[in-house]
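No hydrogens, no waters, no symmetry mates; every other heavy atom, side chains included, goes into these values. Note that the coordinates shown come from a computational prediction; the quantities given were computed from them, not determined experimentally.
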Amino acid sequence: MCSKIIVPVDLAHQDKLTKSLECAAELARHFDIPVVYAGVTGTAPGVTGHTPEEFTRHLAEFAARQGERAGITTTHHAIISHDPRVELDAKLVRAAEEIGADLIVMEGHVPNVLDHFLPSDGGIVAKLAKATVMVVRN
């Protein structure tokens, strides 16, 4: 069914990713396929790293911990952006295509009134991606 899963992660909010991480891990075990954890960062210092290289190290450590915890094969894919908030969705879709992922598993949120004015990241990724997108509500 699937050959590779990509999971967008925000290292600053790891505690809010539990459902999508568990879902991706379960699918990876079931289909015996790898999971790629993708993170988008800017070039300016931030809470997840002072440099893109430091961010990439943190993402690699996160992927390794997830692999050990869930008993799955994992890798990471760091995405550097000049404006992560604006470019996030397009960069994630491009990353999925570049690494050959045919399933994107991402954390969603319970819809609220703002969704009528501002589209969700999951909705935009689902609209743009060629891969199947699974949005897991928290």
Over all atoms of both residues, closest heavy-atom pair of G108 and V135: CA-CG1, 3.6 Å
Mind listing the closest non-hydrogen atom pair of A95 and I79 along with its distance? CB-CD1, 3.6 Å
Quick test of your reading: applying ring pair (Phe, Tyr, Trp, His ring centres under 6.0 Å), list the pairs with at least one residue in residues 67-92, sequence neighbours left out, ordered by first then second residue. none
So, using side chain to side chain donor-acceptor pair (under 3.5 Å) as the criterion, who are the partners of E87 when residues are at least two apart? S81
In residues 31-39, what donor-acceptor pairs under 3.5 Å come from side-chain atoms, sequence neighbours left out?
none

Only one of L21, V105, L17 passes side chain to side chain contact (heavy atoms under 4.5 Å, CB included) with V136; say which it is. V105
Any side chain to side chain donor-acceptor pair (under 3.5 Å) pairs touching residues 42-52, not counting sequence neighbours? H50-E54, T51-E53
Could I get the full list of side chain to side chain donor-acceptor pair (under 3.5 Å) partners for T132, not counting sequence neighbours? none
Test of understanding: with side-chain contact (heavy atoms from CB on, under 4.5 Å), list the residues that count as partners of A25, not counting sequence neighbours. R29, A70, I72
Is there a donor-acceptor contact under 3.5 Å from the side chain of K4 to the main chain of I99? yes
Taken to the nearest 0.5 Å, the spacing of I6 CD1 from L92 CG works out to 6.5 Å
Give me the atom names and distance for the closest heavy-atom approach of S3 to G100. OG-O, 4.2 Å
Under 3.5 Å, side-chain donor or acceptor atoms of residues 59-68 against the rest of the protein: list the pairs with distances, not counting sequence neighbours.
residue, atom, partner, partner atom, Å
Q66, OE1, R69, NE, 3.3
Q66, OE1, R69, NH2, 2.8

What residue pairs, at least two apart or across chains, pass salt bridge (charged side-chain N to carboxylate O under 4.0 Å, His left out) with a residue in residues 76-86? R85-D121
In short, side chain to side chain donor-acceptor pair (under 3.5 Å) pairs touching residues 5-18 with sequence neighbours left out are D10-H13
Looking only at heavy atoms, what is the nearest atom pair of I5 and A28, with distance? CD1-N, 3.9 Å
Taking the side chain as every heavy atom from C-beta outward, state whether K19 and R137 have any atom pair closer than 4.5 Å. no
Looking only at heavy atoms, what is the nearest atom pair of P84 and G42, with distance? CG-N, 3.4 Å
Looking at residues at least two apart in the chain, or sitting in another chain, which of them share a side chain to side chain donor-acceptor pair (under 3.5 Å) with T41? none
Measuring from atom SG of C23 to atom CD of E107, what distance do you get when rounded to the nearest 0.5 angstrom? 9.5 Å
Measuring from M134:CE to L27:CG, what's the distance to the nearest 0.5 Å? 5.0 Å
